[in-house]
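Here's the structure we're looking at; comments come further down.
We number each residue from 1, following the sequence as shown. Keep in mind the model is a prediction, meaning the values are calculated, not measured.
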Amino acid sequence: QVQLVESGGGLVQAGGSLRLSCAASGRTFSNYAMGWFRQAPGKERDIVAAISRNDGSTYYADSVKGRFTISRDNAKNTMYLQMNSLKPEDTAVYYCAANYGIVARTRTRDYDYWGQGTQVTVSS
């Protein structure tokens with residue numbers, strides 16, 4: 001079992017920045033590929049970014065490329081999402097997820113564990 005806890009969400013004006021963190025516990029963090037997803041009201045949960053288990057390979061949704069950066073620190077059992085140039089359409093609940101595998105995955109069904117989510121609200 002892996003427990004995931006997100007933090008760092010909040011209210012920010014358009015153009016601002018936030019840094020989300022996902023703290024993992026329970027199993028060896030470096031055995032898991034990780035991902036960030038988001039879900040806006042009335043919409044499906046979509047991939048934002050994902051990172052592989054060890055080599056740092058990453059994936060970004062087109063909507064966040066060039067603005068968001070995913071990273072992980074296996075020594076601290078923590079994953080991050082640096083979000084810059086935020087837009088109102090980035091408003092959503094952001095979830096971190098863990099996949100017992102090597103490569104970065106993009107589908108919700110590929111992930112085994114989920115956090116409770118953290119709200120990000122971007123005002124115009």
In terms of hydrophobic clusters joined by side-chain contacts under 4.5 Å, are [X] and [Y] together?
X: Ile51; Y: Tyr80; result: no
X: Val103; Y: Ile70; result: no
X: Val120; Y: Leu81; result: yes

Atom of [X], atom of [Y] and distance for their closest heavy-atom approach:
X: Met34; Y: Cys22; value: CE-SG, 4.2 Å
X: Cys96; Y: Met79; value: CB-CE, 3.5 Å
X: Leu86; Y: Leu18; value: CD1-N, 3.8 Å
X: Ser124; Y: Pro88; value: CB-CG, 3.8 Å
X: Leu4; Y: Tyr113; value: CD1-O, 3.6 Å

Distance (rounded to the nearest 0.5 Å) between [X] [atom1] and [Y] [atom2]:
X: Ser63; Y: Lys65; atom1: OG; atom2: NZ; answer: 10.0 Å
X: Thr58; Y: Arg72; atom1: OG1; atom2: CZ; answer: 12.0 Å
X: Gln1; Y: Arg27; atom1: CD; atom2: CZ; answer: 7.5 Å

Let me have the donor-acceptor pairs involving side chains of residues 39-50, under 3.5 Å, with sequence neighbours excluded, atom names and distances please.
from	atom 1	to	atom 2	distance (Å)
Gln39	OE1	Arg45	NE	3.3
Gln39	OE1	Arg45	NH2	3.4
Gln39	NE2	Lys43	O	3.1

Restricting to salt bridge (Lys or Arg N to Asp or Glu O under 4.0 Å), what partner residues turn up for Asp110, sequence neighbours left out?
Arg107
Residue list, salt bridge (Lys or Arg N to Asp or Glu O under 4.0 Å) with Arg38, at least two apart or on another chain:
Asp90
Residues at least two apart in sequence or cross-chain that pass side-chain hydrogen bond (donor to acceptor under 3.5 Å, both in side chains) with Ser52, listed by chain then number, are Asp55
Can you sort out the partners of Asn84 under side-chain hydrogen bond (donor to acceptor under 3.5 Å, both in side chains), two or more places apart, ordered by chain and number?
Ser17, Gln82
When you look at CD of Gln116, are more than 12 heavy atoms from neighbouring residues, nucleotides or ligands closer to it than 6.0 Å?
no
Are the side chains of [Y] and [X] in contact, using a 4.5 Å heavy-atom criterion?
X: Ser30; Y: Asn54; value: yes
X: Leu20; Y: Glu6; value: no
X: Leu11; Y: Gln119; value: no

Would you confirm whether Thr91, through its side chain, and Val122, through its main-chain N or O, come within 3.5 Å as a donor-acceptor pair?
yes
For residues 18-59, which residue pairs qualify under ring pair (Phe, Tyr, Trp, His ring centres under 6.0 Å), counting only residues two or more places apart or in two chains?
Tyr32-Tyr100, Phe37-Tyr111, Phe37-Trp114
